Amino acid sequence: MRPILVTSALPYANGSIHLGHLVEYVQTDIWVRFHKIRGRNCLYFCADDTHGTPIMIRARNEGITPEALVERIYVEHKTDFRDFLIGFDHYHSTNSEENKILSEEIYLANRKAGHIHTASVMQAYCAKDGIFLPDRFIRGSCPSCGALDQYGDSCEVCSATYSPLDLNEARCSLCGTPPEERESEHYFFNLSNFESFLKEWTHSGALQVQMANKLSEWFNEGLKAWDISRDGPYFGFEIPDAPGKYFYVWLDAPVGYMAASWSYFKQHGIEFDRYWRQPDQVEVYHFIGKDILYFHTLFWPAMLKGAGFRTPTGVFAHGFLTVNGQKMSKSRGTFITARSYLQQLDPEYLRYYYAAKLGKGVDDIDLNLDDFIQRVNSDLVGKVVNLASRTAGFIHKHFQGQLSRDYPEDRGLFKLFLDEMKTIAEFYHEREFARAMRAIMNLADHANRYVEEKAPWTLARDNHLKELQETCTVALNLFRLLMVLLHPVLPSMAEKTRVFLNLQDMNWTATLLPITDTVIQPFRPLMQRVDPKKVAAMVAASMEETPPSAHSAPSPVPVLPVATEKRVDEKPSESQTIDMDSFMAVDLRVAKVIQAETVTGADKLLRLVLDVGPLGVRNVLAGIRSAYMPEQLLGRLVVLVANLQPRKMKFGVSEGMVLAAGDGAGGLFLLSADSGAQPGMRIK
RNA sequence: GGCGGGGUAGCUCAGUUGGUUAGAGCAACGGAUUCAUAAUCCGUGUGCCGGGGGUUCAAGUCCCCCCCUCGCUACCA
């Protein structure tokens, strides 16, 4: 079996770990632990994602350096993960030497291969703060509905999307200064160069079907070049040969997977290239949330491919977390951090509950707190722990902790369990944890039924000691198998079980033999039931916590920054020649603007009513509001594409298109016909 | 607005290529039991399978329309 390398997405070093993040880390950790206890060579890596404007700003607000902030968060994250029993082999940081070296290497290799180009970009710039402002750092009133204090990219009230430069009364959210437009040279990664490779890769079985389908939507829309640079000051790595330009945080974030492993390999004498250059040697899997699919299934494999590295064997996406059926919310107290959870509750409750909900798909999962209490108590305490609790007493009371010399007749239960374990192993491997948990609890029911029917309390009363000892030996053996099965989910309880039963380990080997003729420890509660009061206390405490800053917006998923800046691609598209017929297929006409008006709710459109002579009157929605006032268009002659398929839009049907020149960045210039031309004349 | 995923018992969810009286766990209710962290065991479901049409001998499962919900995406024509 080839070794496997597994990662979870890197949490952003701008905030605390919360229950939404933990879905992914718990899911990955269970999968990794499963493979490990079955003896497979498996390594699990992760790191803090440390770069970008939000980190820089937060550090500035706190009056510390970004490095100091990142270091502090690193310790916090690491502690949270440790306490949730997430067993990384190494937890690293993207702000590391390894990451810098690898990011540069990947960039330079791609540049050498011709996958990088530059282009000019218009962006909002705050002169006072001296930085280019990401969309989320600009606030103003929505140009569409007028709602106050909205982000620069979309309106939370009417859900309109727009450019930050279109906001009314736009202000830098840091200092309140109105931003100015400024041009800057940016570096782009030519994603479209990888289209055929990506199409092949995404259908190679590396992805879940739902994900592959989503990908084909993106392919249909066309792959766009990716803006990978940001202007300084920016907390990140400076781009080689480009002073003042930095890698966009999303460029070096996934490289963090490699950097983390490299750091580990150096300490353990493992060859880096074996893992990252030779796809036939090792399997590489990334666990991610479905929100960052784009980065992991397009940019990331393309970057790796372009730089001559191997690509991932699989990318597994999961859904979002809701709490009590709704988005996590601070006002409802359901935005719960890892730490507030731990202050009240046992991490294994949550690990089990998530396991009981998770499948291989990308569906969202719901943490219903009442269900959580019932489910954990009933399954873990009532069924599993109870099995040991109800039989161990007899073993100590009557046999000084000694199990039967030989494994007794057990109605075939031990064998049944072993057989079922094969199915359950398959479930684990397929990430069908919910099915696995159901199958395990079904076995627990079998075991409890056995105890019920043998009625050891009656055997004790009637002094049938041999049978009593045998019955309890069987029950404890079944309990042990259950705990081996649950080991990936409940590592701490598995360890307590190991001590309790005096076992060498709790591994899941192919040849599990019954334990007999041995002395076990006195039973001690292996898990306390969930106390509803503590759950309530946790919610209450989460309700009191006010958001530390406006920028850590609540989100049900691991949040990483997303590129949203507008960009201008200077590179002319590959122009092919067309024949005369193709050109003549376009029916261009002179048209006269007889009416022009703004469109309510649309900040880029003008509604034009055009006189096209013999063709009648046309209604056209044109995206030219940024350059023209309606009044100045009245009576003007323009060029109309008359046979364009009518387009139904949110604001009505557009029956054609008026031609204008523009580079997408700044100006927009309508074409017109010389005086003397008449509406409806054909242009050719 | 467009695209995609959902909508199945009080709760959380399964339901294979359409085929017998639609399932599981938890909760609830009735009974048993008392070894066990008020745990366990037996028994109990009149669920318009979101609504309405349609195809079919037969539809939760296929087709069309609508409603609700979540996500992505849109001011471009």
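In what follows, chains carry the letters A, B, and so on, assigned in the order in which the sequence lines appear, proteins first and then strands, with residues in each chain numbered from 1. Since the structure is predicted, the reported quantities are computational estimates derived from the model, not experimental observations.
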Pick the [atom1] atom in [N] and in [M], then give their distance to the nearest Å.
N     : M     : atom1 : result
B:G15 : B:A9  : P     : 15 Å
B:A27 : B:U20 : C1'   : 31 Å
B:C26 : B:C67 : P     : 39 Å
B:A24 : B:U44 : P     : 10 Å
B:G54 : B:G18 : C1'   : 15 Å
B:A22 : B:C41 : P     : 27 Å
B:C29 : B:C63 : C1'   : 43 Å
B:C49 : B:U21 : C1'   : 16 Å

Rounded to the nearest angstrom, tell me the gap between atom [atom1] in [X] and atom [atom2] in [N].
X        : N     : atom1 : atom2 : value
A:Arg390 : B:A38 : CZ    : P     : 13 Å
A:Lys496 : B:U37 : NZ    : C1'   : 13 Å
A:His318 : B:C70 : NE2   : P     : 19 Å
A:Asp531 : B:U37 : CG    : C1'   : 12 Å
A:Lys290 : B:C3  : NZ    : P     : 19 Å
A:Phe372 : B:C26 : CZ    : P     : 17 Å
A:Leu321 : B:G71 : CG    : P     : 13 Å
A:Asn386 : B:A39 : CG    : C1'   : 4 Å

Please check this pair: side chain of [X] against backbone of [Y], looking for a donor-acceptor N/O pair closer than 3.5 Å.
X        : Y        : result
A:Thr202 : A:Leu198 : yes
A:Glu348 : A:Met493 : yes
A:Gln402 : A:Gln469 : no

Which residue pairs pass the ring-ring contact (aromatic ring centres under 6.0 Å, His included) test when at least one of the two sits in residues 364-403 of chain A, sequence neighbours left out?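 Matches after skipping sequence neighbours: A:Tyr353-A:Phe372.
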Tell me which pairs pass ring-ring contact (aromatic ring centres under 6.0 Å, His included) where either residue lies in residues 430-450 of chain A, with sequence neighbours left out.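 Found A:Tyr428-A:Phe433.
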What's [X] touching, base or sugar-phosphate or nothing? Going by heavy atoms closer than 4.0 Å.
X        : value
A:Val362 : nothing
A:Gly382 : sugar-phosphate
A:Met527 : base
A:Asn448 : sugar-phosphate

Please name all residues satisfying side chain to side chain donor-acceptor pair (under 3.5 Å) with A:Asp410, sequence neighbours left out, ordered by chain then number.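 If we apply the side chain to side chain donor-acceptor pair (under 3.5 Å) test to A:Asp410, skipping adjacent residues, the hits are A:Tyr407.
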Partners of A:Arg480 by side chain to side chain donor-acceptor pair (under 3.5 Å), sequence neighbours excluded?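 Listed in chain order: nothing, the list is empty.
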Are A:Glu495 and A:Arg498 within salt-bridge range, i.e. N to O under 4.0 Å?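 Here A:Glu495 pairs with A:Arg498 in a salt bridge, since their nearest N and O are under 4.0 Å apart.
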Which donor-acceptor pairs under 3.5 Å do the side chains of residues 522-538 of chain A make with protein atoms, sequence neighbours left out?
residue: A:Asp531; atom: OD1; partner: A:Lys533; partner atom: N; Å: 2.9

Could you tell me if A:Asn448 and A:Arg390 have a donor-acceptor pair between their side chains, going purely by distance under 3.5 Å?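 On atom types as modelled, these side chains qualify, holding a pair under 3.5 Å.
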Toward the 5' end of RNA chain B, by each residue's nearest nucleotide, A:Arg524 or A:Ala444: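 The 5'-side residue here is A:Arg524.
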Quick check: on RNA chain B, is the nucleotide nearest A:His446 upstream (toward 5') of the one nearest A:Leu526, or the reverse? Name the residue that is more 5'.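 Taking each residue's closest nucleotide, the earlier one in sequence belongs to A:Leu526.
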Min side-chain heavy-atom separation A:Leu367-A:Ile336 under 4.5 Å: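 The answer is no; the side chains never approach within 4.5 Å.
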Side-chain contact test, heavy atoms from C-beta onward, threshold under 4.5 Å: evaluate it for A:Leu321 versus A:Leu22 and give yes or no.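 No, too far: nothing below the 4.5 Å cut-off.
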Below the 4.0 Å mark, does B:C26 have OP1 or OP2 next to a side-chain nitrogen or oxygen of A:Lys383?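 Yes.
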Are A:Lys290 and A:Phe320 in a cation-pi setup, meaning NZ or CZ lies under 6.0 angstrom from the ring centre and within 45 degrees of the ring axis?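 Verdict for A:Phe320: a cation-pi partner in A:Lys290.
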Where along residues 460-469 of chain A does a heavy atom come under 4.0 Å from RNA chain B, residue by residue in number order?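 None, since no heavy atom is under 4.0 Å.
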Within residues 449-456 of chain A, residues whose heavy atoms come under 4.0 Å of RNA chain B: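 Under 4.0 Å from RNA chain B: A:Arg449, A:Glu452.
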ring-ring contact (aromatic ring centres under 6.0 Å, His included) with A:Tyr352: which residues, sequence neighbours excluded?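 Listed in chain order: nothing, the list is empty.
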Partners passing ring-ring contact (aromatic ring centres under 6.0 Å, His included) against A:Phe427 (at least two apart in sequence or in another chain):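 None.
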Among all residues two or more places apart in sequence or in another chain, which pass the side-chain contact (heavy atoms from CB on, under 4.5 Å) test with A:Val609?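 Here the qualifying residues are A:Ile594, A:Gln595, A:Val617, A:Asn619.
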Canonical and wobble pairing (Watson-Crick, G-U, under 3.5 Å) of RNA chain B, dot-bracket with |: (((((((..((((.....[...)))).(((((.......))))).....(((((..]....))))))))))))....
Would you mind building the protein contact string for nucleotides 4-17 of chain B? One character per nucleotide, 5' to 3', B for base within reach (heavy atoms under 4.0 Å), S for sugar-phosphate only, - for untouched. S------SSSSS--
